Amino acid sequence: MTTMPQAKYRKDYQTPDYTIDEVDLDIRLQDHQTLVSSRLTVRRQGEHNEPLRLDGEALKLINIELDGEVLSEHRFQVVNNQLQIDDVPEAFELLIITQLDPANNSALEGLYKSGGAFCTQCEAEGFRRITYYLDRPDVLAVFTTRLQADKDKYPYLLANGNKTDSGELENGQHWVSWHDPHPKPCYLFAVVAGDFDLLEDSYRTKHGRDVALQLFVDKGNLGRAEFAMRSLKAAMKWDEVRFNLVYDLDIYMIVAVDFFNMGAMENKGLNVFNAKYVLADAKTATDQDFLNVESVIGHEYFHNWTGNRITCRDWFQLSLKEGLTVFRDQEFSGDMSMRPVHRIQDVRIMRTHQFHEDSSPMAHPIRPDKVIEMNNFYTVTVYNKGAEVIRMLHSLLDEQGFQKGMQLYVERHDGQAVTCEDFVCAMEDANSTELRQFRRWYEQAGTPVLSITESYDASAERYTLHCRQHTAATPGQKKKQAFHIPLRVHFYSDSGELLKLTSDELKNDILQLTEEQQDFVFEKVKEKPVPGLLAGFSAPVKLDYEYQEKQLLTLLAYSQDPFICWDAAQQVYLQAMKKAIAAGSPVQLSQASLDALKHKLENQQSDPALVSLLLQIPSEESLSGEYDVIPVADIHRVCGELKQLLASELEKELKETYSSCHPQGAYQFAPTDIAQRMLANTCLAFLANLKNPEITALLERQFSKADNMTDELAAMQAAVHANHTSADNMLREFAAKWQSNSLVMDKWLATQASAARSSTLDSVKQLTSHGAFSWQNPNRIYSLVATFTHNLAQLHREDGEGYRWLREVIVRLNSSNPQVASRLVTALLQWRRFDEKRQTLLKQELKTLQELPDLASDLYEKVEQSLQQD
Ligand code: B3K
Ligand code: ZN
């Protein structure tokens with residue numbers, strides 16, 4: 001009998017009755033019959049003689065011995081994925097032997113095969129697919145691992161910690177043993193076995209420890225691993241300098257694998273990476289790919305302290321490590337290069353994806369209260385909003401205060417499994433402050449709307465900002481309390497000078513909002529200022545302030561805060577598009593706005609990257625965030641019109657900028673070159689909408705002459721997205737050229753899935769039978785299917801064909817890879833946000849899923865949550 005997946009609640013946390021101090025694993029690797037012997041040193045912690053309950057899933061139990069004695073079948077039972085043993089002593093040794101079938105593990109959780117290699121993914125609850133264990137993050141044990149496998153096929157046998165011994169056996173087998181001295185939860189356990197090319201380097205820490213750095217990649221890819229190695233060394237250095245955190249083992253290994261559900265995994269001393277975040281060279285990776293490699297390598301490295309040395313008490317606390325580590329990787333990227341570009345990209349993720357999640361049936365606080373399937377909570381809310389919450393603390397305490405808090409956090413909790421509350425306490429205590437109300441960011445889901453109006457009394461020289469905050473109800477949380485919001489503000493004169501406004505409540509440009517309604521009064525204000533509100537995106541809120549066009553153009557021209565400057569342009573576009581939708585008329589931009597944009601293009605030299613970003617119009621998906629009921633066809637129409645309008649109105653400036661800002665000489669991954677390529681390619685993307693021979697020549701020349709993937713791909717994307725006549729040819733040539741490189745072919749798949757054509761669904765369906773696609777590999781599925789789910793007008797076709805096809809895909813993945821299926825289903829959950837016809841169609845697909853006999857818990861949780869609100 002299959003049992004319904006059960007919810008767990010944060011409030012029900014209890015310390016474990018037993019803990020495990022040592023784990024001795026012996027793993028004999030075989031494709032279908034891997035044998036795992038696990039010797040556990042177990043100790044009772046609870047006061048009562050509770051039975052011992054170990055988690056285990058999809059395991060074949062071969063043998064159990066307690067203190068050397070074989071347990072006969074009546075001494076234990078296996079129920080609901082738990083192995084229960086009654087009457088155990090206070091301290092004992094348990095030997096458990098299980099058998100696994102890694103070659104048939106398509107869910108890519110636990111021990112599985114990626115191509116020819118064995119590898120593991122244990123976070124969050126994958127270790128229970130390797131052996132019976134207390135699979136929870138607050139059980140910290142010292143791991144010793146012995147691996148045995150065929151020597152020819154698997155010359156490298158890797159596990160956490162330091163290598164202690166190795167040897168050869170008969171019949172071509174060999175073995176290696178590893179010991180990790182740092183107690184850790186089992187989600188950080190990893191093994192890898194395979195045949196790789198190895199890139200080696202070393203790093204000397206500021207404590208004088210020499211660390212061997214090893215990067216394992218598929219054969220033939222050494223040249224594409226160098227940038228990742230450079231990034232790793234930069235991350236190690238940066239963490240010492242900015243956070244005073246130093247690496248703690250003699251070896252750090254990274255293995256790049258092709259089959260991986262997410263980006264990468266921070267297993268102690270042995271990171272496993274999706275090859276996409278390791279392999280990069282100019283020919284095959286875009287500038288953005290390089291930046292992603294840098295940030296993910298940094299992210300996983302930074303987990304060594306924020307996640308591994310100090311881990312989570314329970315999975316509800318996931319943001320403790322993820323929010324903090326995303327904040328740290330964002331700061332790392334910002335310190336390495338192009339801080340404003342990174343910040344604006346982070347804000348885009350928040351506004352497009354996280355705000356969307358906040359308005360969905362799966363909305364949850366950064367520290368969730370209720371979870372059915374933990375894998376569903378590796379979300380933009382826990383990660384990115386979690387990072388914004390840390391960033392707000394950083395704004396409130398400033399760098400020095402924040403670092404004092406970090407130091408205390410590490411001193412107090414090194415070697416422990418702790419909670420978000422412990423983190424906030426450390427910040428409070430180190431700064432002798434209190435953050436009582438600030439904690440609501442951990443408790444309440446939803447995006448606060450900050451409505452601001454102003455008044456100016458010229459005779460009294462008094463300027464007042466009237467602020468009101470409101471957060472709409474989210475599932476399970478009807479009434480929200482006021483948040484503690486740091487609102488960073490700058491003020492400008494009409495002619496663009498920065499004004500120094502003073503108020504007792506303004507410190508370091510920050511106003512602290514704590515009430516539902518609050519007025520901030522500024523005295524001796526000689527002229528009515530233009531407010532630059534939410535500078536730096538100082539809080540994850542929606543700002544509702546009726547900017548006049550003139551004010552926006554002042555901010556666009558003069559704001560010293562890159563976010564405000566970029567956002568001013570976004571608001572100009574949004575206002576124009578929303579007006580056109582409301583009136584059912586074509587999109588128009590005022591001459592003044594066009595002139596302001598022209599001026600930016602003509603003066604791009606000072607910051608080409610920012611000019612590139614501010615030209616880019618909001619995506620269909622992000623415009624949809626402005627509506628309670630999403631007008632799909634109108635959004636599609638106005639986005640197309642605005643692109644066309646900008647292309648024709650700015651044609652001259654776009655062409656001039658395109659030809660003047662392309663970097664000279666061979667490709668270099670350097671900030672100035674990246675910025676120029678960004679702008680040149682943004683210009684090209686607009687120009688492609690003008691179907692004239694001169695532009696065709698530009699596009700085709702760039703496509704065929706480019707010495708790097710950034711420019712080559714940009715030309716092809718520009719053509720496809722503009723429905724240009726060159727598009728099909730380019731797609732053909734690109735495929736012929738890159739057919740043997742799957743990561744490059746992913747870009748080819750994604751480009752087609754994002755095309756704004758009514759034929760897109762048909763091409764996507766056809767592409768599932770192309771040699772470049774595979775239902776087994778998550779990267780392929782994300783590139784084609786997930787990209788398609790973000791193509792608003794094509795997924796939400798009126799005839800429901802997009803929904804139907806997506807549901808079929810999800811049914812197929814439900815049995816092979818539920819984590820991937822669950823990511824894709826997100827696009828169907830928000831039926832409430834569409835017109836009645838689409839609502840009916842969407843609900844019908846969700847109901848079909850709900851009725852699947854073997855619906856995975858991942859999908860069950862989301863589908864139920866979505867339909868519950870019917
Ligand atoms: N901690 C991993 C994520 C694991 C996801 C499990 N479904 C990657 C990271 O955030 O660094
Ligand atoms: Zn992480």
Side-chain angles (χ1 to χ4, degrees), residues 57 105 107-112 119-130 135-137 160 184-190 231-232 235 239 252 254-257 259-274 276-278 292-312 315-333 346 349 366 368 371-387 390 417 420 778 782 817-824 826 856-859 861-862:
E57 263 174 58
N105 178 354
L108 314 186
E109 199 182 22
L111 177 70
Y112 65 94
C119 66
T120 53
Q121 172 55 36
C122 293
E123 187 177 0
E125 296 175 332
F127 193 71
R128 62 185 64 182
R129 291 169 177 273
I130 297 176
D135 190 357
R136 44 188 291 169
N160 316 87
K184 64 168 179 288
C186 63
Y187 83 85
L188 290 172
F189 168 81
S231 302
L232 174 61
D239 217 11
Y252 192 90
I254 293 177
V255 186
V257 300
F259 290 74
F260 206 68
N261 282 340
M262 312 97 31
M265 179 62 212
E266 70 265 23
N267 316 299
K268 184 80 188 187
L270 175 57
N271 289 182
V272 177
F273 267 63
N274 187 326
K276 172 181 158 87
Y277 295 111
V278 173
N292 293 344
V293 168
E294 179 177 87
S295 120
V296 180
I297 292 267
H299 181 98
E300 306 311 330
Y301 175 72
F302 303 141
H303 268 315
N304 190 55
W305 279 94
T306 51
N308 300 5
R309 291 284 293 241
I310 305 177
T311 194
C312 301
W315 288 122
F316 298 101
Q317 317 294 331
L318 180 61
S319 200
L320 171 78
K321 73 176 177 81
E322 294 305 347
L324 177 55
T325 305
V326 171
F327 171 76
R328 276 152 53 67
D329 84 52
Q330 289 176 347
E331 284 300 295
F332 169 58
S333 294
D346 295 338
I349 294 174
I366 65 167
V371 166
I372 292 179
E373 172 51 61
M374 191 53 213
N375 285 327
N376 280 339
F377 288 83
Y378 289 77
T379 59
V380 271
T381 298
V382 168
Y383 275 63
N384 300 69
K385 185 176 180 182
I390 302 291
C420 298
Y782 295 143
N817 191 332
Q819 275 186 54
V820 171
S822 177
R823 289 215 188 173
L824 300 177
T826 302
S857 55
D858 315 56
L859 287 169
E861 179 168 38
K862 291 189 178 178

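Ligands are counted one by one from 1 in listed order, and the atoms in each one are counted from 1 as well. Keep in mind it's a predicted model, so treat the numbers as computed, not measured.
Of the protein's heavy atoms, E300 OE1, 2.7 Å lies nearest to atom 11 (O) of ligand 1. In this structure, atom 8 (C) of ligand 1 lies nearest to the protein heavy atom A264 O, 2.9 Å. In terms of protein heavy-atom proximity, atom 6 (C) of ligand 1 is closest to E123 O, 3.1 Å.
Closest approach of N261 to L108, counting heavy atoms only: OD1-CD1, 3.5 Å. What you find for E109 and G126 is that their closest heavy atoms are CG-CA, 4.0 Å.
When Y383, Y187, Y378 are ranked by how near their heavy atoms come to atom 9 (C) of ligand 1, first place goes to Y383. When the heavy atoms of N375, V326, N267 are ranked by distance to atom 7 (N) of ligand 1, first place goes to N375.
The atom of E322 that is an N, O or S and sits closest to the Zn ion (ligand 2) is OE1. The nearest N/O/S atom of H299 to the Zn ion (ligand 2) is NE2.
Paired with H303 under the rule side-chain hydrogen bond (donor to acceptor under 3.5 Å, both in side chains), one option of E322, K268, R328 passes, and it is E322.
With 3.5 Å as the limit, one finds no donor-acceptor pair spanning the side chains of T311 and K184. Under the 3.5 Å distance criterion, with hydrogens and angles disregarded, a donor-acceptor pair is assigned to the side chains of Y378 and E123. In this model, no donor atom of one side chain and acceptor atom of the other lie less than 3.5 Å apart for N271 and Y301. No donor-acceptor contact under 3.5 angstrom links the side chains of S295 and S333, judged on distance only.
Contact atoms of ligand 1 toward K321: 1 (N) (distance under 4.0 Å to a heavy atom of the residue). Interface atoms of ligand 1 facing M262, defined by a heavy-atom separation under 4.0 Å, are 3 (C), 4 (C), 5 (C), 6 (C), 7 (N). Every atom of ligand 1 is numbered from 1 in the order shown, and the set under 4.0 Å from a heavy atom of Q819 is 7 (N). Under a 4.0 Å criterion applied to the non-hydrogen atoms of H303, ligand 1 contributes the atoms 9 (C), 10 (O), 11 (O). In summary, the atoms of ligand 1 found under 4.0 Å from a heavy atom of E322, numbered by their order in the structure, are 1 (N), 9 (C), 10 (O). Near M265, with a cut-off below 4.0 Å to any heavy atom, the atoms of ligand 1 are 1 (N), 2 (C).
Shown here is K276, whose NZ atom has no more than 12 heavy atoms of other residues, nucleotides or ligands within 6.0 Å.
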Item to complete: Using the side-chain contact (heavy atoms from CB on, under 4.5 Å) rule, take M265 and Y187 through it: C-alpha gap first, then chi angles, then the decisive distance, then the call.
Response: CA-CA 10 Å; M265 179 62 212; Y187 83 85; 3.8 Å; yes
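No part of M374 comes within 4.0 Å of ligand 1, judged by heavy-atom distances. Counting heavy atoms closer than 4.0 Å to ligand 1, residue E109 contributes nothing at all.
For F332 and F302, the ring centers sit closer than 6.0 Å to each other.
By the 3.5 Å distance cut-off applied to N or O atoms, E266 is counted among the residues near ligand 1.
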